[in-house]
Amino acid sequence: MDDEAGRQGHQRGLERRRFLGAVGAAGAGVAGVAVAGCDSSGHGEHDRTAHPSRAARRAVDTERHRTGSADWRIRSVGPQDAVEGYTDKVSVAPGEEFGLYVSTTAPDFRVSAYRVGWYGGAQARLVWRSGRVPGRRQNPPVMIDATRTVQADWRRTLRVRTEDWPEGAYLLRLDADHGQRYVPLIVRSEEAAGRTLLMHAVATWQAYNTWGGFSLYQGRDGAYGTRSLAVGFDRPYDGNGAVKFLVYERALVVLAERLGIPLAYTTGVDVHRDPAVLRDAAAVIALGHDEYWTPQQRRYVTRARDAGTNVAFLGANTCFRRIRLERGPGGADRTVVCYKTAYHDDPHLADHHDLVTTDFRQQPAPDPESSLTGVLYEGYPTDAPYVVHTPGHWLFAGTGVRRGDSFAHLVGVEYDRVTPGEPTPEPLEIVAHSPLVCNGRHSHADSAYYTVPSGAGVFATGTMRWVEGLMAGTRENGRDHGMDARTAAFVRRTTENLLRAFAAGPCAEYRPKPADNVAAVYPGASRVRA
């Protein structure tokens, strides 16, 4: 038995060491694809990831114990043109500089950088604050007619250097006379070996962004037919500037930092550019709404899983849209391209079918997301109780749940289901099976867990409200969908169990393997193995 365990461990080590070479080779030969690998000697990347930055880890660990800042929240958004801004990078390495572009009707404004975390319950800490910065009203948006892409076309207002900013998720708050706005920024980790990597869904933030009147969903007239076919990061976000982060991501960041597990931070765009950050990560966490992925990001996360990195999907509708990243005014990878149902107009249709920007499951290169997530996106909108199916599963330890226990409104507004007729990993265990009605159709939402030969575990919640559920009963984001404190306690304990188990390493080595129950839950359904 010990010899067999040793051989398996040795094999996993070999798989992990092959990881960078494999993903580098996978991206080679396709124009516009980011490729990561080693220097000509083959040692450059290995040396860097084999000796993780102790200074960066110490900075994050030290940060947990600092005193938070209770005043990080926006008090008054004010009129739309009161103040708004964007950065020229979705993320920066610690110490790196970024440009901030701001438009305001006020004569001056101030910038405050808050790092999101636990901080004894304060949930953020002031890391840096500017002096008074002269304000100006910037130009109106411009549009690229071919794709209806809105750009701000503003002049840079100031440069900010992130000296002594620890890795993490940041909210830059712009304060002007008649309003406030956030500008989100990730100070990314350059390696995540042995850590749980939080992967922020910046492409999805941008897809839904209606600033300037256009998103990937609608045009200025609100119609789908006039939507953008490509959207850019060179513009502010709508609303308070950080709605998607605050609703679908912040609560998980706060919880993970409170637990004290080793954390690292990145974005889906950064994984697309350089998968080296995935190497030897204990886990990768996709947060509450992470719909838009490039094929490269999906390939790299899948290969990390197959090398022993656990993966969690804490939302629904994850990895549903296939996108392409292209240049924008601010540089490379500043434009998110997704033609969706207009994919016949996608310039890549003639030469690279696997890069055509439609749903992953659709032609011309169908590849349903379920082969990675274990579940398949099925519908919107719904509102239903979350119903426990396998109460003895280790994920539910300490919750006291019994089979059939339910938690009102936790399933919504989009949901996923185990769909045996689509590629499905084995063994896969359905741990929650929640009846619902969506657009008049009766169905179920499923939470599911599976493992792969590397030992990695993969968990998907099957509901988009999971991260929101962490704050149920508090109205922290101004909405809780009717979820209560009991639901919050259940979601919190289950998520803690997940994060602690996944932080320990390949989950199959530390927790019971899944007992495949797909045939029992969906009797008579034909199974397509992933």
Side-chain angles (χ1 to χ4, degrees), residues 26 199 201 203-204 207 216 268 271-272 284 286 289-306 311-324 337-344 346 348-349 352-380 382 414-430 433 436 438-439 441 443-452 456-464 514 516-519 521-522 524-530:
M199 184 171 61
T204 300
L216 289 179
V271 170
H272 164 92
V284 178
H289 193 183
D290 196 357
E291 180 177 350
Y292 289 78
W293 289 41
T294 67
Q296 294 87 352
Q297 178 189 357
R298 177 174 172 177
R299 186 181 307 129
Y300 300 153
V301 171
T302 300
R303 293 208 168 143
R305 176 202 67 180
D306 293 344
V311 186
F313 302 101
L314 300 186
N317 192 218
T318 303
C319 193
F320 180 67
R321 309 279 191 188
R322 181 191 281 115
I323 63 170
R324 190 167 58 251
V337 181
C338 194
Y339 279 70
K340 297 186 180 179
T341 53
Y343 72 90
H344 287 102
D346 190 322
H348 275 285
L349 182 62
H352 290 300
H353 282 184
D354 61 336
L355 296 180
V356 171
T357 54
T358 186
D359 302 347
F360 271 104
R361 67 183 68 173
Q362 299 294 338
Q363 298 289 348
D367 186 14
E369 70 274 13
S370 55
S371 63
L372 172 60
T373 64
V375 292
L376 197 77
Y377 171 63
E378 188 169 270
Y380 160 92
T382 194
E414 299 185 86
Y415 71 95
D416 297 337
R417 181 175 77 90
V418 170
T419 307
E422 298 292 346
T424 307
E426 295 183 43
L428 184 143
E429 186 170 9
I430 296 170
H433 186 56
L436 57 82
C438 181
N439 294 317
R441 176 188 177 189
S443 189
H444 290 82
D446 293 322
S447 291
Y449 173 71
Y450 74 90
T451 58
V452 294
V458 180
F459 174 67
T461 67
T463 171
M464 195 174 286
D516 195 298
N517 61 356
V518 175
V521 176
Y522 293 103
S526 59
R527 186 84 172 265
V528 177
R529 186 170 183 175

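Numbers here simply count residues along the sequence, with the first being 1. Fair warning: this is a prediction, and the values are worked out from it, not measured in the lab.
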Engineer: Does the D346 side chain pair with the main chain of T357, one donor and one acceptor, at a distance under 3.5 Å?
Structural biologist: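 Yes, D346 side chain to T357 backbone: donor-acceptor pair under 3.5 Å.
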Engineer: So, does T461 use its side chain to make a donor-acceptor pair with the main chain of S447 at under 3.5 Å?
Structural biologist: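 No; zero donor-acceptor contacts below 3.5 Å.
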Engineer: Going through the distances and angles, do L355 and Q296 end up as a side-chain contact (heavy atoms from CB on, under 4.5 Å)?
Structural biologist: CA-CA 9 Å; L355 296 180; Q296 294 87 352; 3.8 Å; yes
Engineer: Considering the options R322, R298, Q362, R361, which one meets the side chain to side chain donor-acceptor pair (under 3.5 Å) requirement together with D367?
Structural biologist: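 With D367 as partner, side chain to side chain donor-acceptor pair (under 3.5 Å) holds for just one option, R298.
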Engineer: Is any side-chain heavy atom of V518 closer than 4.5 Å to one of V418?
Structural biologist: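 The answer is yes, as the side chains (C-beta and beyond) meet within the 4.5 Å cut-off.
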Engineer: D516 side chain to L428 main-chain N or O, any donor-acceptor pair under 3.5 Å?
Structural biologist: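 Yes, because the side chain of D516 sits within donor-acceptor range (under 3.5 Å) of the backbone of L428.
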Engineer: Considering only heavy atoms from C-beta outward, does the side chain of E414 approach that of F320 to under 4.5 Å?
Structural biologist: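 Counting from C-beta outward, E414 and F320 never come under 4.5 Å.
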Engineer: Please report the shortest heavy-atom distance between A445 and G462, naming the atom on each side.
Structural biologist: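 Nearest heavy atoms, A445 then G462: CB-O, 4.0 Å.
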Engineer: Applying side-chain contact (heavy atoms from CB on, under 4.5 Å), run through K340 and L216 and close with a yes or a no.
Structural biologist: CA-CA 9 Å; K340 297 186 180 179; L216 289 179; 4.0 Å; yes
Engineer: Would you name the heavy atoms of P425 and G374 that are closest together and state the gap between them?
Structural biologist: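 Looking at all heavy atoms of both residues, the shortest contact is CD-CA, 3.9 Å.
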Engineer: Are L349 and P364 close enough that some pair of their side-chain heavy atoms sits under 4.5 Å apart?
Structural biologist: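 Sidechains of P364 and L349: in contact.
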Engineer: Do T358 and Y339 have side-chain heavy atoms sitting under 4.5 Å apart?
Structural biologist: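 No, side chains not in contact.
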Engineer: Where do E429 and N517 land on the side-chain contact (heavy atoms from CB on, under 4.5 Å) test, with the steps shown first?
Structural biologist: CA-CA 5 Å; E429 186 170 9; N517 61 356; 4.0 Å; yes
Engineer: Out of curiosity, W293 CH2 to R299 CZ, how far, rounded to the nearest 0.5 Å?
Structural biologist: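 Reported to 0.5 Å precision, the distance equals 12.5 Å.
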Engineer: For H272 versus Y300, what's the shortest heavy-atom pair and its separation?
Structural biologist: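 Between these two residues, the closest heavy atoms are O-CE1, 3.6 Å.
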Engineer: Could you grab the distance from atom CD of E422 to atom CG of L376, nearest 0.5 Å is fine?
Structural biologist: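 One finds 5.5 Å between CD of E422 and CG of L376.
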Engineer: Determine yes or no for a side-chain-to-main-chain donor-acceptor pair under 3.5 angstrom, with T204 supplying the side chain and E291 the backbone.
Structural biologist: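 Judged by distance alone, yes, a pair lies under 3.5 Å.
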Engineer: Measure the spacing between OG1 of T419 and NE2 of H444 and express it to the nearest 0.5 Å.
Structural biologist: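 Between atom OG1 of T419 and atom NE2 of H444 there are 12.5 Å.
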Engineer: What pair of heavy atoms forms the shortest contact from Y377 to D416, and how long is it?
Structural biologist: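 What the structure gives for the nearest pair is CA-OD1, 3.1 Å.
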Engineer: Quick one, F313 with C319, criterion side-chain contact (heavy atoms from CB on, under 4.5 Å). Give me CA distance, side-chain angles, the key distance, then yes/no.
Structural biologist: CA-CA 10 Å; F313 302 101; C319 193; 5.7 Å; no
Engineer: Ignoring hydrogens, what is the shortest heavy-atom contact between V375 and E369? Give both atom names and the distance.
Structural biologist: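 For V375 and E369, the tightest heavy-atom pair comes out as O-CG, 4.0 Å.
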Engineer: So, taking the atom named CD in E378 and the one named CG in L436, what distance separates them when rounded to the nearest 0.5 Å?
Structural biologist: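 Nearest 0.5 Å value for the CD-CG distance: 7.5 Å.
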Engineer: How long is the straight-line distance from CD of Q363 back to OH of Y343, given to the nearest 0.5 Å?
Structural biologist: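 Between Y343 OH and Q363 CD, I get 6.5 Å after rounding to 0.5 Å.
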Engineer: Determine whether a donor-acceptor pair (N or O, by modelled atom type, separation under 3.5 Å) exists between the side chain of Y450 and the backbone of L372.
Structural biologist: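 Yes, because the side chain of Y450 sits within donor-acceptor range (under 3.5 Å) of the backbone of L372.
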Engineer: For the OG1 atom of T302 and the CD atom of Q297, what is their distance to the nearest 0.5 Å?
Structural biologist: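 If we round to the nearest 0.5 Å, T302:OG1 and Q297:CD are 10.0 Å apart.
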Engineer: What is the minimum heavy-atom distance between P514 and P427, and which atoms define it?
Structural biologist: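 Heavy-atom minimum between the residues: CG-O, 3.5 Å.
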Engineer: Within the side chain of S370, is there an N or O that forms a donor-acceptor pair under 3.5 Å with the backbone of T424?
Structural biologist: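 Checking the backbone N and O of T424 against the side chain of S370, no donor-acceptor pair under 3.5 Å is found.
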